[in-house]
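In what follows, a single structure is set out as C-alpha cells and then discussed.
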Amino acid sequence: MAGTRASHQTEEHEATARDSRQRFTRIVAIIVALENYRRPSNGDALPSVAFAHADADAMCETVREIFKDMPSGDVIVETIKDADASLIAVRDQLSYTIRNLSEDDLFIFYYAGHGFHGSGGNRLSTYDTNRSNVGGTSLQMREDLLEPLAESECRQALVFVDACAEQFREVVESRDVIANLEVEEVEEFLDSGWYLGVFLSCSPGEKSYPAAKLGHGIWTHFLLEALSGQAERALTRDRWLTDGGLRDYLRQEVPRFITRETSIRGTQTPQAIVSGTNTFRIHHAPRAPAVPADAALAGIRLRNQSEYLEGIETGAIRQLDGFQRGFHTVPTQLSDSADNWCHRMLTARIAEELQELYQNARAALGVRRRDLRKEEEEGAGDLDTPAFRYIIESGQNPEDPAEYYIRRRLELRQGWASHRDAIDELFRNEFQLLVVEFESMDDTFDDLVDRLEDICDEQGGGVEDDDRHKRVSYRRDGVTFTFDLRKKRLEISFGQSGALQLVDAAQKFQLGIGRSSPMLAAPAPTDASPARLKRGRG
C-alpha cells in the first residue's frame, strides 16, 4: 500500500508540475536598455549606464532559453535600446503590447537605465530624458506600466527594474539621477486581485552598481543566474523558481558579492514588492543530467599553458657531498646565498644524473646524438628528446632551510605513446604529481570552493581550503586535485608514482582546459548556451 500511495503522490505531483508549466499560453517581454542618452541642445546628456546593453541582451537570451519548450511564435521578446527607446517609442510599445495581452499570457518588463522619483511619482528615463524637463521626457511607472497592466486581461506579470536615482549630478559607477524610486508607491498600487511581482535592484537611498568582472549590473547578473536555473539556492526542492525564492536569492547574493568581490563602500539591497493570492511559480528548471564522476571538474575552466610530471626529492644539507662538518654551518633561514650554495654542492651530482639519462635515452629511444639536446648549468639542466623534455633543478628547500631540494619534471611530447616502453623503462617511479600550470582561471577562489563543494555533494569526497594561500583540494577515491591560485597550478596525485601510471590515470578525467595537451584528455566543449553565465571570473 505504501508503495502505491507513494506512486500516486508522485504522479499527482508530476501532473501538478505539468499543469503549472503549461499555464502560460504566451510569453510577452519588453526589454528596455538605456546605456547612452541623447545630448540635448541646452545641456549635457544623462550619464551613461555601464553594461546596460549587455544586461538587455542577456535577459533576452535568457527569456528565450527558459521558455524554449514553447512554440517559438508564442515567445515574443522586444528589445529596445538607446535611440530606439525614446519616450514616445517606449510608451507606444508598452501601450500596444499591454492592450493586447490575454489572461493566460505572462508579461515580463525589464529595464536597465536611470530611474528616479520625481514629478508624478516613480519614473524611468528614456533616450530623450533631459535635466531641464524631466517630467515631460521620462516614463511614469504607474501611469504607463502598472495601471495599464491592472486594466488589461493579463493576470500574471513580472517587472524587473535595474535602476536607482539621486539628485542630478555626474556619476561614474552608479545608476542614479534624481531622487530614489519610492517602494511605497508600488505597494499602494498593488492589490490581491491579480499577480504582479515588481523587483527593484536596490532600496531607497542606495545605488545600483555594475561590475566589470561580471560584464553586467551586479543585480542583473544574479537575476539572470536565478532565471536560467543556475542558482540552485534560489530553487525549491522540486526545482521551481518562485517569487519568494528569487526575492531571497537576490537579497542575499547581491550584498554578498559587493562585500566580498568589490571595493564598493556603498550598500545595495534588492527589493521585491509582490501581489498575489499564492506563491507565484516563475519557471521550472529541469535538473541537469548527472555528470559522470570523471567529468565533474570539466566546468572549472583553465587557460592551461604547460603540463608535466613532477617529483621532488629533499634531504638534509649536512648530508651533501661537499658539506664539511666543523667548517660549514647548516642554514637556519632561507637566503639567496644558501640557495646558491646548494646549487654548487649539487652541480656534480645533477650533471652525472643528466649524463646517465642521456646515454640511457639514446639506447632506449634508438636515436643518435643529433636527435638529443642536453644542457647543464650550476645545479640544474635539461634534456630534450623526440619523446619528452626532462628538466632538473635544485636549491634550498623553501619549506625547511636546513634541507636541499631536487625537482625533476617530465613533459611528454606529441607522439610519446609510440615510445611508451622506453619512457616507462627510463623513469619508472620518479614522479608523484601531474601538474597543470595555467595563465588564468574563470573562477575566483570563493567561486572555486563553491564549485568543488557542489561536486562533493553530488559525487562524494571531501574539500579542504586555505584562503591564506589560495589553495583548495578536492579528494575522492584516492585521487586529489589541488588548485593553487597563487602559484597558478593544479596538482593531481593518485597515490602512485609510476610516470605513465600518472598520465594514464589523469587522462581518465575530463578537465576544463582550454588548450589540448598530449598528457591530458581533450578539452571539454564550451557550453554555448546563451543562458549559461559565468560568475565572478577574475
Side-chain angles (χ1 to χ4, degrees), residues 65-66 68 225 228-233 235 239 285-310 412 414 416-417 433-465 471-485 488-496 498-538:
E65 176 67 20
I66 64 179
K68 64 184 178 183
E225 277 202 336
S228 62
Q230 295 179 52
E232 297 287 335
R233 290 187 294 275
L235 304 176
R239 301 191 63 78
R287 188 175 299 280
V291 177
D294 57 3
L297 299 176
I300 301 173
R301 309 300 299 184
L302 306 172
R303 282 178 272 285
N304 54 310
Q305 59 183 4
S306 64
E307 305 77 39
Y308 51 83
L309 298 173
E310 181 178 83
L412 298 182
Q414 293 288 350
W416 66 266
L433 300 173
L434 192 150
V435 177
V436 180
E437 292 186 346
F438 52 88
E439 298 175 4
S440 60
M441 173 186 289
D442 284 355
D443 291 312
T444 65
F445 180 76
D446 289 335
D447 291 330
L448 175 61
V449 175
D450 282 345
R451 281 185 183 270
L452 292 175
E453 288 176 337
D454 289 343
I455 292 171
C456 185
D457 291 342
E458 295 173 2
Q459 306 285 352
V463 176
E464 295 179 4
D465 68 276
R471 282 175 63 91
V472 55
S473 296
Y474 170 60
R475 296 182 175 86
R476 182 177 58 81
D477 299 335
V479 184
T480 302
F481 298 87
T482 300
F483 296 84
D484 189 322
L485 271 62
K488 294 186 177 180
R489 55 185 259 158
L490 164 61
E491 302 167 358
I492 311 173
S493 63
F494 300 90
Q496 56 198 27
L500 298 186
Q501 285 180 298
L502 286 171
V503 176
D504 291 342
Q507 290 193 338
K508 295 177 181 178
F509 288 86
Q510 180 67 70
L511 302 176
I513 57 175
R515 180 182 64 85
S516 61
S517 165
M519 302 180 70
L520 302 172
T526 301
D527 186 351
S529 168
R532 183 67 184 170
L533 305 172
K534 61 182 182 178
R535 177 181 171 191
R537 279 94 171 143

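The first residue in the sequence is number 1, and the count goes up from there. Keep in mind that this is a model prediction, so the values were computed, not measured.
Between atom CG of residue Leu490 and atom CG of residue Leu485 there is a gap of 10.5 Å, rounded to the nearest 0.5 Å. In this structure, CD on Gln414 lies 11.5 Å from CE on Met519, to the nearest 0.5 angstrom. The distance from atom CZ of Phe483 to atom OH of Tyr474, rounded to the nearest 0.5 Å, is 10.5 Å. A distance of 9.5 Å separates CG in Asp477 from CD in Gln459, rounded to the nearest 0.5 Å. With rounding to the nearest 0.5 Å, the separation of CZ in Phe481 from CG in Leu434 is 10.0 Å. To the nearest 0.5 Å, atoms CG (Leu235) and CD (Gln230) are separated by 10.5 Å.
Contact record, Asp294 with Lys508: CB-O, 3.1 Å, taken as the closest heavy-atom pair. Of all the heavy atoms in Ala521 and Ile513, the pair that sits closest is O-CD1, 3.7 Å. The minimum heavy-atom distance linking Leu309 with Ala499 is given by the pair CD1-O, 3.4 Å. Here the closest heavy-atom approach between residue Pro523 and residue Gly514 is recorded as CG-C, 4.5 Å.
In this structure, the side chain of Glu439 does not engage the main chain of Lys488 through any donor-acceptor pair within 3.5 Å. Here the side chain of Asn304 pairs a donor or acceptor atom with the backbone of Arg515 at under 3.5 angstrom. Under a 3.5 Å cut-off, the side chain of Arg239 and the backbone N or O of Ala285 do form a donor-acceptor pair.
Between Ser473 and Glu464, the side chains place no donor N or O within less than 3.5 Å of an acceptor N or O (distance only, hydrogens not considered).
Between Asp442 and Arg303 there is a salt bridge, since at least one side-chain N of the basic residue sits less than 4.0 Å from a carboxylate O of the acidic one. Between Glu225 and Arg233 there is no salt bridge, since no side-chain nitrogen of the basic residue lies less than 4.0 Å from a carboxylate oxygen of the acidic one.
Using cut-offs of 30° and 60° on the angle between ring planes, the pair Phe509 and Phe494 is tilted.
Leu500 is listed as a side-chain neighbour of Leu412, based on a closest heavy-atom distance under 4.5 Å. Looking at Leu433 and Arg489, their side chains come closer than 4.5 Å, going by heavy atoms from C-beta outward.
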side-chain contact (heavy atoms from CB on, under 4.5 Å) between Leu511 and Leu302, worked out: CA-CA 8 Å; Leu511 302 176; Leu302 306 172; 5.7 Å; no
Audit row: Glu232, Asp457, side-chain contact (heavy atoms from CB on, under 4.5 Å) steps and yes/no: CA-CA 13 Å; Glu232 297 287 335; Asp457 291 342; over 6 Å; no
